[in-house]
Amino acid sequence: MAGLMVFRSLADALRAGFQIYDRTSDGYLVRTRTSSGWAMALVSSKQ
């Protein structure tokens, strides 16, 4: 079962191969290309 990844920092997401897709109210929406399409994740800067 697939889930949504949540990163605690933008640097962590970029190191994992994601790129910025959009800005949210508390961080970023990031994406990376996979063999079956785009994988999305959140970067939450709220503590």
Side-chain angles (χ1 to χ4, degrees):
M1 177 183 202
L4 183 66
M5 291 182 66
V6 178
F7 292 98
R8 293 198 180 258
S9 75
L10 184 55
D12 290 341
L14 297 175
R15 268 194 298 275
F18 285 81
Q19 64 186 38
I20 297 171
Y21 180 69
D22 200 4
R23 181 102 166 96
T24 66
S25 60
D26 66 331
Y28 295 92
L29 182 61
V30 293
R31 70 182 182 177
T32 189
R33 193 75 151 141
T34 68
S35 60
S36 57
W38 291 100
M40 306 297 284
L42 292 173
V43 177
S44 179
S45 57
K46 282 191 173 180
Q47 300 300 336

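Starting from 1, each residue takes its place in the sequence as its number.
- Taken to the nearest 0.5 Å, the OG atom of S44 stands 4.5 Å off from the CG atom of D26.
- For the pair R31 and Y21, the NZ or CZ position fails the cation-pi test of under 6.0 Å to the six-membered ring centre and within 45 degrees of the ring normal.
- Residues meeting the side chain to side chain contact (heavy atoms under 4.5 Å, CB included) test with R33, sequence neighbours left out: W38.
- Taking 4.5 Å as the limit, some side-chain heavy atom of M40 sits within range of a side-chain heavy atom of L29.
- How far CG of D22 is from OH of Y28: 10.5 Å, rounded to the nearest 0.5 Å.
- Counting all heavy atoms, side chain and backbone alike, F7 lies closest to A13 at CD1-CB, 3.6 Å.
- Looking at residues two or more places apart in sequence or on another chain, you find a side chain to side chain contact (heavy atoms under 4.5 Å, CB included) between R15 and A11, D12.
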**Request:** For side chain to side chain contact (heavy atoms under 4.5 Å, CB included), just list the numbers for V30 and L42, CA-CA rounded to whole Å, side-chain angles, deciding distance to a tenth of an Å, and then say yes or no.
**Result:** CA-CA 6 Å; V30 293; L42 292 173; over 6 Å; no
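- Of the possible donor and acceptor atoms, one in the side chain of T32 sits under 3.5 Å from a partner among the backbone N and O of G17.
- When all heavy atoms are compared, the tightest approach of T34 to A39 is CG2-CB, 3.7 Å.
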